[in-house]
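Only one structure is covered here, and it is reproduced in the block below.
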There are 2 protein chains.
Amino acid sequence: MDTKTSEIQYRIGDFAEVTGLSSPTLRYYEKEGLIKPHRTDNGLRYYTEQDANWIKFLLHLKSTGMTIEQLKQYVIWRAEGDSTIDKRIALLQDVRDNFEKEFAELQHSWTILNDKLDWYKGKVNGHIEDSEDFSKYLKRLNHHE
Amino acid sequence: MDTKTSEIQYRIGDFAEVTGLSSPTLRYYEKEGLIKPHRTDNGLRYYTEQDANWIKFLLHLKSTGMTIEQLKQYVIWRAEGDSTIDKRIALLQDVRDNFEKEFAELQHSWTILNDKLDWYKGKVNGHIEDSEDFSKYLKRLNHHE
DNA sequence: CTTCTAGTTAAAGTTAACTCTAATCCTAGC
DNA sequence: GCTAGGATTAGAGTTAACTTTAACTAGAAG
């Protein structure tokens, strides 16, 4: 084989370790068009550092709520070049705005969860009266719901 | 029927509106043992304000990453009374600790997503050189990955 | 040469959390 | 009394995102 050796090349197993995904998941992502690994002369996939950067970014997008479908669309636009930058910006902004709302809700849930733990602890060590149920307790803290 | 009318009673459709869930989802949650609505004399479900509080709390737990299975366990312990408070506290603390980590990762993803948007905008209006790709840009900002 | 490990494929299976269907029943308004 | 809307049930179907299976090949180690 005469592949260039200037960059690191990962076979699928190693790349799985690097990215934290499994080999089947990498093949699945490929089938969905999210990543296009190179091939050695005898047909084995290999991935480069650039592929690693892309997967890491993709996983960030995924964790902010983007679905595989949306990522697919993003990849298509990316492949179409600079003429689709506006579309990509719009998509990312949408994702960001949605995430912003969910994030705020998650913070609220975090508060409630901690309130519940405090309430349990107060109950156990007697700082909170038996008569005060959790929703009364929340009202006292001014934490609605 | 001779049900007490001292508290508000919701039929399943109204309760769905109150909680933001659908009627089928409420029946599903019931089948899973997450909620036990009362019944009118002729067999219709009805829900009270207490049930609403419980569902709201349950949804908070769910959004912090608790699965239906875990919620089921929580409900079982809750029904067993004060002797299981320690178990419930341990479960909630587990959930909280896990959520704390995920929350930190989400914040990081949020940062990267915003960096990407800034990078796109810098590219579009020429503030960022064509030669600087996104991973270089992240390094410059000292935002790893 | 055999065995082990890691790769290949297409396609079927899994899991969580709903969501829908079908057949039936109850209730309120005209 | 009739009809429309919403209730009941058991059980089948859906969706997203993997995950596993089966059947195979290629290369390295002993």
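To find a chain, count down the sequence lines: A is the first, B the second, and so on, and within it residues start at 1.
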* Asked: Closer than 4.0 Å, any side-chain N/O of A:R11 to the OP1 or OP2 of C:dA6?
  -> no
* **Presence of A:R45 side-chain N/O under 4.0 Å of C:dT8 phosphate oxygens OP1/OP2** => yes
* Proximity to the side chain of B:L44 - top-ranked nucleotide from D:dA7, C:dT9, C:dG7 -> D:dA7
* **Side-chain N or O of B:S22 closer than 4.0 Å to phosphate OP1/OP2 of C:dC18** => no
* **Atom pair distance, as rounded to whole Å: CD1 in B:I12 and C1' in D:dG6** => 11 Å
* For A:Y29 and D:dC18, is the shortest distance between a side-chain N/O and OP1 or OP2 below 4.0 Å? -> yes
* Name the residue closer to the 5' end of DNA chain C, choosing between A:K31 and B:E69 according to the nucleotide with the nearest heavy atom. => A:K31
* Does the gap between the ring centers of A:Y46 and A:F15 come in under 6.0 Å? -> no
* Asked: To the nearest angstrom, how far is B:Y28 atom OH from C:dC18 atom P?
  -> 6 Å
* To do: May I have the distance from A:L71 (atom CG) to D:dA16 (atom P), rounded to whole angstrom?
  => 14 Å
* Would you call the rings of A:H144 and A:H108 parallel, tilted or perpendicular, where under 30° means parallel and over 60° means perpendicular? -> tilted
* Nearest to the side chain of B:P24, which nucleotide is it out of D:dT19, C:dT19, D:dT9? -> C:dT19
* Minimum-distance nucleotide (side-chain atoms of B:T25 versus C:dT19, D:dT8, D:dT19) -> C:dT19
* Within the distance-only criterion (no hydrogens, no angle test), does the side chain of B:W77 pair as donor or acceptor with the backbone N or O of B:D86 below 3.5 angstrom? -> no
* Asked: How many Å lie between CZ on A:F15 and C1' on C:dT8, as a whole number?
  -> 18 Å
* **D:dT25 OP1/OP2 closer than 4.0 Å to side-chain N/O of A:N42** => no
* Asked: Going by heavy atoms closer than 4.0 Å, what residues in residues 91-109 of chain A are next to DNA chain D?
  -> none
* To do: Could you tell me whether the side chains of B:E49 and B:Y10 share a donor-acceptor contact shorter than 3.5 Å?
  => yes
* Asked: Looking at A:R27 and A:E30, does any basic side-chain N land under 4.0 Å from a carboxylate oxygen?
  -> no
* Any residue of residues 59-67 of chain B with a heavy atom less than 4.0 Å from an atom of DNA chain C -> B:K62, B:T67
* Apply ring-ring contact (aromatic ring centres under 6.0 Å, His included) to B:W110 and list each qualifying residue two or more places apart in sequence or on a separate chain. => A:F99
* NZ/NE/NH1/NH2 to OD/OE distance under 4.0 Å, A:K123 and B:D82 -> yes
* Asked: A:E17 has an atom CD; how far is it from atom C1' of C:dG7, in whole Å?
  -> 16 Å
* To do: Using atom CD of B:E32 as one end and atom P of D:dA10 as the other, report the distance to the nearest whole Å.
  => 13 Å
* Asked: Where is the tightest heavy-atom contact between A:A16 and A:S23, given as atom of each residue plus distance?
  -> CB-N, 3.9 Å
* To do: Answer yes or no: is there a donor N or O on one side and an acceptor on the other, between the side chain of A:T84 and the main chain of A:K87, under 3.5 Å?
  => no
* To do: Go through the side-chain N and O atoms of A:S109 and B:S63 and say whether any donor and acceptor fall under 3.5 Å apart.
  => yes
* Asked: Are OP1 or OP2 of D:dT20 and a side-chain N or O of A:R27 less than 4.0 angstrom apart?
  -> no
* Rounded to whole angstroms, how far apart are CD1 on A:I55 and P on D:dC18? -> 11 Å
* How long is the line joining CG of B:L26 and P of D:dA7, in whole Å? -> 10 Å
* Mapping A:D14 and B:L21 to their closest nucleotides on DNA chain C, which lands nearer the 5' end? -> A:D14
* Picking from D:dC18, C:dA17, C:dT9, which would you name as closest to the side chain of A:R39? -> C:dT9
